[in-house]
Amino acid sequence: MCRVTDLQQAVLARNEEHAHALRAALAGRGTVAVNLLSSPGSGKTALLEAELSLARERGVPVAALTADLATENDATRLARSGVPVKQVLTDGLCHLEASMLRGHLVGWLPAGTRLLFVENVGNLVCPASYDLGESLRVALASVTEGEDKPLKYPTAFGLANLVVVTKADLAEAVGFDEAAFRAAVARVNPGVEILLTSARTGLGTGGLLERALAVLDGAAVHRPVMAGRAQHTHGRAESQGDVHGHEHAHGDGPGDLHGHSHVLVEEGL
Ligand SMILES: Nc1nc2c(ncn2[C@@H]2O[C@H](COP(=O)(O)OP(=O)(O)OP(=O)(O)O)[C@@H](O)[C@H]2O)c(=O)[nH]1
Ligand SMILES: [Mg+2]
């Protein structure tokens, strides 16, 4: 079993500082960030496509940034909505970090953006430990993944302000046990709201936009019990198998902004 390194602890602590600064900078611009995290293929982009189109129809100034290890596929899909979209390629990194995100926002995030949706790298482990300065963290799970995923990935689901079930149109076909899923979520994150959605049928789409707009209007978000504990404890709990992912967490090429946060603060995102 791998031991969490001091380096990893330092990376997480530093990320928290960047995240606090980014949250403040976004608030100063009147922007609320929504961080979407889930396993690969669970339907983040499909749901976002629906939310972005709806936001555009309603005249809500939104933007979306999507992160992947490779391809611009998601940005291409999201851009069809007509809202500003940016693809970030992480050069092998399994998650976004606050400083990286900020670096990609500087000079790009359009003035007047009220909601910024951030689609994290598809992964239920690494992204969970990294606060991105979001005001709403959403953990998604598709019905095809099994009802026990919240128990197996307690940090991802335990730190969420909102949980979204995707691909509800497939629930019957795969025998999805909604009650069991709800019970699993309740174990790791008591009281968190669970939204049922299907990008295929349209069920529940718009729900995420509604929740994000409510946060923008000042509504209180669900505060996970786990959030009151030390973030590093959570990182440690689920990072044992992916220490390497954090140790090379500084390799984001031109977008890598570790050590440059003060410059960015001066640039005043
Ligand atoms: N039946 C059904 N299929 C869906 C739904 N949402 C997404 N899919 C399909 O699931 C697959 C993956 O969807 P994506 O939206 O790309 O998932 P993702 O989470 O963005 O994937 P990564 O970005 O690679 O992590 C695609 O084939 C989608 O068409 C849904 O609501 N119902
Ligand atoms: Mg995607």
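Given the structure is predicted, the values throughout are model-derived calculations rather than measurements. We count ligands from 1, going down the list as the structure has it; atoms in each ligand are counted the same way.
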A side-chain contact here means heavy atoms from C-beta on lying under 4.5 Å apart; do L65 and L101 qualify?
yes

Linking I/L/V/M/F/W/Y whenever their side-chain heavy atoms sit closer than 4.5 Å, directly or via other members, would V225 and V221 fall into one cluster?
no

Does even one non-hydrogen atom of E119 get within less than 4.0 Å of ligand 1?
yes

Verdict with reasoning, E210 to R58, per salt bridge (charged side-chain N to carboxylate O under 4.0 Å, His left out):
CA-CA 11 Å; E210 296 295 343; R58 293 190 190 171; 2.8 Å; yes

Determine whether L48 and L36 make a side-chain contact, defined as any pair of heavy atoms from C-beta on separated by less than 4.5 Å.
yes

Does ligand 1 have a heavy atom under 4.0 Å from the side chain of R77, from its backbone, from both, or from neither?
side chain

Which residue holds the protein heavy atom closest to atom 17 (O) of ligand 1, what is that atom called, and what is the gap in Å?
G43 N, 3.0 Å

I need the nearest protein heavy-atom contact for atom 24 (O) of ligand 1: residue, atom name and distance, please.
G41 N, 3.8 Å

Using a 4.0 Å heavy-atom cut-off, which part of T45 comes near ligand 1: side chain, backbone, both, or neither?
both

State, yes or no, whether a side-chain contact exists between T31 and L116 at a heavy-atom distance under 4.5 Å.
yes

With no hydrogens and no angle check, is any side-chain donor or acceptor of S198 less than 3.5 Å from a backbone partner on T201?
yes

List the closest protein heavy-atom neighbour of atom 25 (O) of ligand 1: residue, atom name, distance to the nearest 0.1 Å.
K44 NZ, 2.8 Å

Determine whether any protein heavy atom is located less than 4.0 Å from atom 27 (O) of ligand 1.
no

Using distance alone, with no hydrogens and no angle criterion, decide if N120 and N35 have a side-chain donor and acceptor under 3.5 Å apart.
yes

Please state which protein non-hydrogen atom is closest to atom 32 (N) of ligand 1 and give its distance, to 0.1 Å?
D169 OD1, 2.8 Å

Look at the rings of F176 and F181 and say which category their plane angle falls in: under 30° parallel, 30 to 60° tilted, over 60° perpendicular.
tilted

Any idea which atoms of ligand 1 are less than 4.0 Å away from a heavy-atom of A46?
6 (N), 7 (C), 15 (O)

Atoms of ligand 1, numbered as shown, that sit under 4.0 Å from any heavy atom of L170:
1 (N)

Give a yes or no on whether L208 and V83 share a hydrophobic cluster (residues Ile, Leu, Val, Met, Phe, Trp, Tyr; joining criterion: side-chain heavy atoms under 4.5 Å apart).
yes

Within one Ile-Leu-Val-Met-Phe-Trp-Tyr cluster: L216 and L109, side-chain cutoff 4.5 Å
no

Beyond-backbone contact of R102 with L269, side-chain heavy atoms, under 4.5 angstrom
yes

Any protein heavy atom under 4.0 Å from atom 7 (C) of ligand 1?
yes

closest protein heavy atom to atom 31 (O) of ligand 1 is A199 N, 2.8 Å

Residue pair D131, R137: steps toward the salt bridge (charged side-chain N to carboxylate O under 4.0 Å, His left out) verdict:
CA-CA 9 Å; D131 184 351; R137 180 185 287 213; 5.1 Å; no

Can you tell me which portion of L140 lies within the under-4.0 Å heavy-atom range of ligand 1? Options are side chain, backbone, both, or neither.
neither

Full working for side chain to side chain contact (heavy atoms under 4.5 Å, CB included) between D68 and V121:
CA-CA 5 Å; D68 281 293; V121 180; 5.5 Å; no

Using heavy-atom distances, let me know which of R200, E49, K167 sits nearest atom 29 (O) of ligand 1.
R200

Could you walk me through whether R14 and E97 satisfy the salt bridge (charged side-chain N to carboxylate O under 4.0 Å, His left out) test, starting with their C-alpha distance in whole Å, then the side-chain angles of each, then the deciding distance to 0.1 Å, before giving a yes or no?
CA-CA 10 Å; R14 189 159 167 73; E97 296 183 12; over 6 Å; no

Side chain or backbone of D74 under 4.0 Å from ligand 1, or both, or neither, by non-hydrogen atoms?
side chain

Using a 4.0 Å cutoff against the non-hydrogen atoms of S198, which atoms of ligand 1 qualify?
31 (O)

Listing protein N, O or S under 2.8 Å around the Mg ion (ligand 2) gives T45 OG1, D74 OD2, E119 OE2

